[in-house]
Amino acid sequence: MREMDKAFDFRMAQTRWYEVWEASRAFEAAPDSGREPWSIVIPPPNITGNLHMGHALVNTLHDILTRFKRAQGFDALWVPGTDHAGIATQMMVERQLKAEGTDRHALGRDAFEKRIWAWKEKNQGAIEHQLKRLGCSVDWTRNRFTLDPALSRAVRKVFVESFKAGRIYRGPRMIQWDPALQTALSDLEVKYEERRGKLWYLRYPLVDGPVNGVTEVVVATTRPETMLGDTAVAVHPHDERFQEMVGKLLEHPLTGRRIPVVADPFVDPAFGTGCVKVTPAHDPNDFAAGQRLKLDSITIIGFDARMTAAAGPYAGLDRFEARKRVVADLDAQGFLVKVEDYTHKISLSDRSGAVLEPLVSEQWFMNVREAAAQALEAVRDGRIAFTPEHHGAVWEHWLTNIQDWCISRQLVWGHRIPAWTCDACSRLHVELEAPAACGCGSTRLTQDPDTLDTWFSSALWPFSVFGWPDQTAELRRYYPTSVLITGYDILFFWVARMAMAGLTWMGEVPFRKVYFNSLVRDASGQKMSKTKGNVIDPLEVMEEYGTDALRFSLAIMAAPGTDIAMSAARLEASRNFCNKLWNASRFVQMNLDDSITLATTPEFGEAEYWMIGRMRDSLSAVTKALEEFRFHEASDLLYHLVWDDFCAAYIELAKVQLLSGTAGQKAAILHFLDILLRALHPFVPFLTEEIHEAVIAPRLPEGEPALLAQRTWPLDEPTLQATGGDPTLIPRFQEVLSALLRLKAEQGVDPAKRVPAFCSLLELAPFTEALKSIARLDSVSFTGDELTTPTRAVALAAGGAVALELAGLKDPIAEKAKLEKELAKLEKELEPLRARLADDSFITKAPEAAVAKLRGQAEEKEQRLAQVQALLGA
RNA sequence: GGGCGUAUAACUCAGCGGUAGAGUGCUACCUUCACACGGUAGAAGUCCCAGGUUCGAAUCCUGGUAUGCCCACCA
């Protein structure tokens with residue numbers, strides 16, 4: 001049998017087990033097993049990705065649940081996979097090309113796409129390898145990629161049928177254009193940022209002379225360059241100041257073009273001058289107003305963010321350069337009234353960081369109103385349950401106000417839109433496969449160059465991974481998935497869209513429960529960011545503290561609805577915990593010989609019955625906590641079960657027995673360790689598997705799987721059902737032990753100095769040896785006689801008293817001070833108890849149990865008070 | 001402008017109707033034959049503030065303060 005080292009070598013353990021698990025096929029689903037299915041799909045990481053703390057958390061929680069469910073006897077399936085991540089990946093490769101002095105245009109579309117595929121093949125392994133290092137028990141035989149042929153077929157099917165149903169359409173709309181990436185974005189990919197800017201006040205003269213003595217209109221704008229595309233100036237219809245202006249013509253200061261004053265309620269009379277310039281081609285509000293009022297639209301900024309020919313002398317200038325020139329020209333010609341400092345929000349690309357340009361462009365959109373209504377209903381009626389629940393409010397708000405989704409991207413990397421235009425007759429064909437010919441007879445058809453938003457394929461993930469649109473056995477068995485675990489930051493991007501897609505295409509929710517995991521922050525609660533330099537790399541943590549310590553730290557801090565502050569202190573605590581379990585196991589191993597196995601009938605005494613009771617209570621609480629996603633509670637319970645109950649209490653007691661123990665006593669502790677390992681395994685799989693190999697595996701009964709990863713959840717273990725003994729006895733023993741130790745400390749007795757002790761609790765006599773060895777006493781005498789003598793120090797414990805014989809050692813002053821301190825403490829504690837028990841309204845109105853409980857507490861304290869007083873009097 | 005969180009020991013956080021808990025840190029002591037990544041004893045809190053409900057509130061309600069996040073077209 002393998003000897004265990006003095007400290008847990010996590011570096012060794014965490015590198016050797018994954019291969020064994022994978023080879024044993026322990027993580028593979030068993031669709032034919034007849035067991036109840038339980039399924040979960042991974043939030044597919046980007047192929048460009050590296051494991052960060054967010055991944056580490058979400059996948060640790062996935063793994064805990066999956067291993068737990070598998071152990072409970074479910075046919076547990078965790079489907080892994082990766083996302084092609086359109087923009088992110090394309091950017092990565094473009095950056096590479098730039099370094100090589102070329103770009104995608106020079107390369108050509110096909111070559112560029114091939115290049116990205118090559119890059120994907122080379123790099124995809126990284127994130128998968130990192131998931132393995134984390135211990136993720138995914139079923140690799142079902143690994144998926146969003147651009148797999150099967151998943152692409154699902155994408156095309158959804159696109160084509162949505163188009164035919166009229167939910168997908170193409171048209172010119174105002175979209176958010178990213179000039180850096182040269183693509184449209186969806187509203188969700190826009191981030192707003194406060195910037196200090198200016199507010200320019202511009203003068204637009206009236207063409208037909210003064211109105212009520214006023215010769216001009218003044219407008220305020222943050223983007224003066226767009227005035228080149230102005231086609232009106234608007235006022236609020238009820239603004240009395242401008243009633244007579246409406247309908248009059250103004251002369252455009254720079255172009256001389258004549259534009260009308262119009263009235264529209266979108267104008268806020270209280271802002272600026274109450275007049276606003278209208279540029280339908282370059283502002284979403286103005287675009288909408290332009291549609292309502294049938295205004296002209298003049299595009300003066302192009303897709304390259306440079307001024308167009310329509311901008312006249314400014315053509316070709318960058319939009320920001322044009323701004324300076326426009327302002328200078330207006331100023332020179334006397335059209336600039338004033339400039340104010342002004343802080344406002346500008347829209348930036350979430351991806352490139354570029355300042356976005358609202359532009360009118362031909363794009364594909366998806367109307368999701370109907371699907372949104374269904375998704376809304378599914379949460380309202382509980383078919384999907386959120387943890388924490390408050391995310392339902394956000395869900396409600398967003399889905400109620402949802403806008404059409406811009407799904408086309410001007411990218412190469414992604415699902416190409418399955419739409420072809422006939423070169424001859426311009427007819428549009430939206431089909432699953434390229435049509436051979438157009439109805440007009442032409443065989444020359446050109447496919448739409450655009451690809452779909454990455455989230456379009458992600459939305460189908462919970463059913464596309466199971467082979468949809470084919471009605472596969474897997475799809476029937478594992479859809480809907482049992483749980484979704486993900487960050488709340490992608491509630492709209494992903495969760496809502498999966499819900500909508502699932503309800504639309506499967507007619508059923510994609511998951512029954514959603515657990516939103518926390519955000520991992522740094523030790524001081526700051527968001528991690530590269531610029532702040534406070535990013536904690538999980539891979540480094542695994543090297544320094546161990547994967548199990550990382551997992552346990554994440555789990556024990558994962559209280560629903562609160563963020564996680566990851567700190568070195570917490571990681572150390574977890575590492576120490578792992579080492580504690582390791583050493584407890586080592587102790588067990590050292591005390592067993594090969595003849596003791598799990599088949600050896602265990603013998604239970606008081607200590608064992610107590611330990612069994614503790615395990616039974618804790619493990620049923622752990623089970624319940626896991627069912628309800630209270631990972632922190634489950635971890636905390638196990639932490640204290642192992643450290644306080646098993647190590648500090650039980651093992652210390654068992655040491656006395658094991659020295660001269662019977663086989664049955666040794667078998668008992670072996671069973672206990674076995675149970676604890678099985679319960680801890682979902683949390684700290686490498687550590688527990690390593691211990692299991694050394695201590696348990698050689699002692700397993702016939703037919704039990706040799707790998708801990710394949711064994712069962714221990715809650716129903718026969719050992720845990722055993723009852724007997726007096727459940728209050730061990731707690732009393734602990735109190736007595738603690739009182740004796742405290743006496744020694746208070747009296748300044750060297751801990752190693754063995755003195756005689758006395759105890760009035762006769763029922764603890766069987767624990768004489770334990771008390772002697774743990775408290776390091778000379779002897780312990782159990783007696784009904786008065787304990788107090790002039791040479792002894794006395795303390796109260798567990799309703800009785802203990803004493804130390806300190807002839808020549810006792811410090812009478814310390815003794816008296818101690819007793820007086822205790823007296824004061826008791827008096828202080830009793831004061832409110834007495835007051836409440838004297839309160840009639842409490843006695844009559846509070847539930848009986850509460851009163852009885854309080855009364856019990858008071859009585860116990862009164863008794864102790866009397867004892868202390870007696871000791872002081874003596 | 002709306003919506004949602006959070007405020008508890010020096011720090012990071014649990015608890016969320018019956019008079020305060022954990023981990024780390026701190027103080028003193030202990031190398032006792034599983035573990036110093038350990039053990040023993042100990043100090044440490046107007047549970048943000050003000051009202052209210054209740055026999056009783058850190059816990060529920062209202063208002064405030066601080067702080068964080070999300071959504072929204074104020075030029």
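Chain naming here is simple, since letters A, B, ... match the order of the sequence lines and numbering starts at 1 in each.
The A/Ala569 side chain lies nearest to B/rU24 when the options are B/rU24, B/rC35, B/rA22. In the set B/rA75, B/rC55, B/rC37, B/rA75 carries the atom at the smallest distance from any side-chain atom of A/Phe271. Nearest to the side-chain atoms of A/Leu741 among the listed nucleotides B/rU40, B/rG42, B/rG39 stands B/rU40.
When only modelled atom types and interatomic distance are considered, A/Ser738 and A/Arg742 share a side-chain donor-acceptor pair under 3.5 Å. With no hydrogens or angles considered, no side-chain donor-acceptor pair links A/Asp563 and A/Ser518 at under 3.5 Å.
Counting non-hydrogen atoms under 4.0 angstrom, A/Phe10 reaches nothing in the nucleic acid. Among the heavy atoms of the strands lying under 4.0 Å from A/Ala846 is at least one base atom, whether or not backbone atoms are also near. Across all strands shown, A/His391 has no heavy atoms under 4.0 Å from either base or sugar-phosphate atoms. Residue A/Cys578 is classed as having no contact, given no heavy-atom separation below 4.0 Å to the nucleic acid. Counting any heavy atom pair closer than 4.0 Å across all strands shown, A/Ser738 reaches sugar-phosphate atoms only and no base atom. Among the atoms of the strands shown, none is found under 4.0 Å from any heavy atom of A/Ser567. Nucleic acid contact class of A/Phe8 (heavy atoms, under 4.0 Å, all strands): none. Using a 4.0 Å heavy-atom distance criterion, A/Lys345 is classed as a base contact. A/Ala220 comes within 4.0 angstrom of a base, heavy atoms only. Across all strands shown, A/Arg575 has heavy atoms under 4.0 Å from base atoms, whether or not it also approaches the sugar-phosphate. Looking at heavy-atom distances under 4.0 Å, A/Lys277 makes no contact with the nucleic acid at all. At the heavy-atom level, A/Arg776 lies under 4.0 Å from base atoms of the strands shown. Across all strands, A/Val267 comes closer than 4.0 Å to base atoms (heavy-atom distances). Counting non-hydrogen atoms under 4.0 angstrom, A/Pro847 reaches a base of the nucleic acid.
Summarising the base pairing, B/rA66 is matched to B/rU6 through a Watson-Crick or G-U wobble pair whose two defining distances lie under 3.5 Å.
For A/Leu837 and B/rU19, the CG to C1' distance is 13 Å, given to the nearest whole Å. Note: CG (A/Leu356) to P (B/rC73) measures 13 Å, nearest angstrom. When rounded to the nearest whole Å, the span between CG of A/Asp644 and P of B/rA22 equals 9 Å.
When atom types are taken as modelled, the side chain of A/Glu633 and the backbone of A/Arg630 share no donor-acceptor pair closer than 3.5 angstrom.
On the P atoms, B/rC49 is 10 Å away from B/rA58, given to the nearest whole Å. Taking atom C1' in both B/rC47 and B/rU19, one finds a spacing of 12 Å when rounded to whole Å. Across B/rU54 and B/rC60, the matching C1' atoms stand 10 Å from one another, rounded to whole Å. Distance check on atom P: B/rG25 versus B/rU12 gives 15 Å, rounded to whole Å. Rounded to the nearest Å, the gap between the P atom of B/rC11 and that of B/rU46 is 12 Å. Here, B/rA9 and B/rC29 have their P atoms 29 Å apart, quoted to the whole Å.
Evaluation of atom-type donor-acceptor distances gives a pair under 3.5 Å for the side chain of A/Lys580 against the base of B/rC35. The base of B/rA34 sits with one of its N or O atoms less than 3.5 Å from a complementary donor or acceptor on the side chain of A/Lys655. Applying the 3.5 Å distance criterion, the base of B/rA34 shares a donor-acceptor pair with the side chain of A/Glu652.
Of the side-chain N and O atoms in A/Tyr342, one or more sit less than 4.0 angstrom from OP1 or OP2 of B/rA75. At B/rC35, none of the side-chain N or O atoms of A/Asn576 fall inside 4.0 Å of OP1 or OP2 (strictly under the cut-off).
Comment: A/Arg241 engages A/Asp239 in a salt bridge, judged by a side-chain N to carboxylate O separation of less than 4.0 angstrom. Between A/Lys198 and A/Asp341, at least one side-chain nitrogen of the basic residue sits less than 4.0 Å from a carboxylate oxygen of the acidic one, meeting the salt-bridge criterion.
Counting non-hydrogen atoms of neighbouring residues, nucleotides and ligands closer than 6.0 angstrom, the NZ atom of A/Lys624 reaches no more than 12 such neighbours.
The residue from A/Asp230, A/Thr231, A/Asp283 that alone fulfils the side-chain hydrogen bond (donor to acceptor under 3.5 Å, both in side chains) condition with A/Lys277 is A/Asp230.
Each of A/Ala573 and A/Ile556 was matched to the nucleotide of RNA chain B holding its nearest heavy atom; the match closer to the 5' end belongs to A/Ile556. Between A/Ile843 and A/Ala559, the residue anchored closer to the 5' end of RNA chain B is A/Ala559, taking for each the nucleotide with the nearest heavy atom.
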